[in-house]
Amino acid sequence: MTQTEIDTPVAEEVPVQRRSPLEKLFELRTRQTTIGREVRGGVTTFVAMAYIVLLNPLILGASADITGARLSAAQVTTATALAAAVMTVLMGLVGNAPLALAAGLGINGIVAFQMAPEMTWAQAFGLVVLEGVCIVLMAVSGVRERIMNAIPRPLKTAITVGIGLYIALVGLVSAGFVSRVPDAAATPVPVRLGTDGHLSGWPIVVFCVGLLLMIVLVARKVPGAVLISIGVATVLAVVLHDGFGVGGWGRTDPALPDHVVAAPDFGLFGHVDLFGGFASAGALAATVFLFTLVLSGFFDAMGTITSVSDEAGLSKNGKVPRMGRILLVDGAGAIAGGVTGSSPNTVFLESAAGVGEGARTGLASVVTGLLFAGTLLFTPLAGVVPAQAAAPALVVIGGMMVAQCRTIPWHDPDYTIPVFLTAALIPFTYSITNGVGAGLIAFVLIKIGRGKWREAGWLLSLLALVFAVYFAIDGVEALFR
């Protein structure tokens with residue numbers, strides 16, 4: 001035997017590290033993570049965003065459709081948990097990204113307070129399905145990027161700010177902290193503090209306690225701050241209601257249910273009328289509703305996907321791996337939201353909480369989705385939570401959304417008024433559509449007035465024209481009578 005043969009190691013003696021199925025599916029080693037980190041990250045994301053299972057029924061249940069029908073809290077809770085579970089697991093398996101989906105705050109407000117009063121719930125959810133189809137088609141065709149590039153970033157930010165103010169106002173009104181003056185024409189103040197200009201009653205105390213606790217916990221970056229605060233406020237409400245007979249809670253009394261565990265109620269599943277909304281609300285109004293859903297849905301998702309992916313260190317040269325698949329799942333989330341009756345599902349910014357705990361792959365999303373599936377058996381607990389306990393989340397999350405205004409170039413005259421109109425008219429008119437339309441029209445007119453009409457572009461000019469017709473719809477209809 002030669003010296004070379006002696007020094008050469010035998011190939012069969014080299015230990016071979018076999019890749020586990022999870023490693024192959026989620027690329028754990030490539031992304032420098034472990035199963036333990038992914039599980040911990042998935043649990044953290046679930047705790048951070050589980051409040052949506054309680055909050056979505058509050059928002060959708062606060063409005064009636066054109067027939068006066070209201071949605072069942074148990075059914076909305078089931079729909080919310082079901083859609084979040086399925087779509088989050090799908091994101092993990094298809095997109096391999098630590099991104100969780102659920103009914104989007106702000107977008108559900110469009111469905112509840114703008115669309116439902118103009119059509120039936122089935123027709124509203126039909127438009128939600130069409131929104132998802134539009135997003136999927138735009139993602140596949142590349143149109144989504146063209147529209148994104150056409151609308152200036154300051155106006156996109158203004159939409160986020162306006163929605164933040166909007167959902168905060170919804171929260172304040174739902175809790176009774178702010179109320180509408182019955183005869184607003186007789187006073188210069190359209191809304192007031194409490195029911196008579198003063199705060200009174202134990203339900204308001206519960207709201208204030210929950211709000212202050214949530215503010216402190218969020219400021220201290222406590223994991224699950226929103227959920228903890230809702231839980232504490234709910235316990236306080238139950239004690240006051242069941243122990244001391246306190247009333248005045250509104251539509252939901254905080255009474256302990258007979259059963260904590262119950263079979264999920266899938267009564268809303270599949271109740272969809274795809275095109276009926278165009279007949280009920282009118283073709284133009286329904287088209288604008290659909291456009292607003294698409295606009296709010298995919299812009300919010302793109303910003304969230306980018307920011308969370310950056311935080312996870314997944315972006316390479318400004319590009320997110322499997323972005324095409326991620327966008328397809330996001331679009332499918334809107335479809336699932338319509339089919340289940342939970343409103344459009346989109347990627348949640350709270351996914352960053354799991355990333356902070358080490359989540360780097362879709363395994364974390366699978367864990368989060370399975371936890372959402374587990375909540376399907378505990379829907380009776382959602383019926384215990386009064387508006388006063390859940391509404392603080394709308395106020396705090398709204399405040400976080402408004403914080404985005406720091407990135408707006410307020411010194412630029414091309415954006416100052418359009419951004420202001422967008423952000424202000426959304427809460428002032430209780431309509432996201434009105435704010436978006438006014439902002440786009442003002443932006444295009446300013447560009448034309450300053451001789452920069454080429455910068456507005458044909459696509460934005462066309463959108464502004466559509467919104468102009470929308471605002472003048474009564475006059476337009478009168479011309480054809």
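Residue numbers start at 1 and run along the sequence shown.
For Glu27 and Thr361, the side-chain atoms include no donor-acceptor pair closer than 3.5 Å. For the residue pair Asn56/Ser342, the side-chain donor-acceptor check at 3.5 Å is not satisfied.
Rounded to the nearest 0.5 angstrom, Thr45 OG1 and Leu99 CG are separated by 9.0 Å. Note that CD1 of Ile426 and CG of Leu165 are 8.5 Å apart. Values are rounded to the nearest 0.5 Å. Note: Ser365 OG to Asn96 CG = 8.5 Å, rounded to the nearest 0.5 Å.
For Ser63 against Ala116, the heavy-atom pair with the smallest separation is OG-CB, 4.4 Å. Here the shortest heavy-atom pairing between Ala464 and Ile441 reads O-CG1, 3.6 Å. Considering every non-hydrogen atom in both Pro264 and Leu376, the closest pair reads CB-O, 3.6 Å. Contact record, Ala391 with Gly171: CB-O, 3.3 Å, taken as the closest heavy-atom pair. Contact detail for Met87 and Val329: the closest heavy-atom pair is CE-O, 3.5 Å. Phe289 and Met119 get closest at one heavy-atom pair: CD1-CE, 4.0 Å.
For CZ of Phe420, the number of neighbouring non-hydrogen atoms (other residues, nucleotides, ligands) closer than 6.0 Å is 12 at most.
In this structure, the side chain of Thr368 engages the main chain of Gly42 through a donor-acceptor pair within 3.5 Å. A donor-acceptor pair under 3.5 Å is formed between the side chain of Thr78 and the backbone N or O of Asp265. A donor-acceptor distance shorter than 3.5 angstrom exists from the side chain of Trp121 to the backbone of Ala69, with no hydrogens or angles considered.
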Could you go through the side chain to side chain contact (heavy atoms under 4.5 Å, CB included) check for Leu101 and Thr346 one step at a time?
CA-CA 5 Å; Leu101 290 83; Thr346 188; 5.7 Å; no
Take Asp65 and Arg70, measure what salt bridge (Lys or Arg N to Asp or Glu O under 4.0 Å) needs, and give me the verdict at the end.
CA-CA 7 Å; Asp65 69 6; Arg70 291 181 179 272; over 6 Å; no
For the pair Val94 and Arg322, evaluate side chain to side chain contact (heavy atoms under 4.5 Å, CB included) and give the outcome as yes or no after the intermediate values.
CA-CA 9 Å; Val94 177; Arg322 301 192 182 189; over 6 Å; no
Just do the side chain to side chain donor-acceptor pair (under 3.5 Å) check on Ser280 and Gln123 with the steps written out, would you?
CA-CA 8 Å; Ser280 294; Gln123 292 166 349; 2.8 Å; yes
Taking it one step at a time, do Glu38 and Ile35 satisfy side chain to side chain contact (heavy atoms under 4.5 Å, CB included)?
CA-CA 5 Å; Glu38 296 303 305; Ile35 294 177; 5.7 Å; no
Side chain to side chain contact (heavy atoms under 4.5 Å, CB included) between Phe372 and Leu82: does it pass, once the steps are laid out?
CA-CA 7 Å; Phe372 269 116; Leu82 175 64; over 6 Å; no
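For the salt bridge (Lys or Arg N to Asp or Glu O under 4.0 Å) test, no residue two or more places apart in sequence or in another chain qualifies with Arg37.
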Side-chain atoms of residues 393-401: list all donor-acceptor pairs with protein atoms under 3.5 Å, sequence neighbours left out, distances to 0.1 Å.
none

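For an aromatic pair to be called close, the ring centres must be under 6.0 Å apart, and Phe291 with Phe467 satisfies this.
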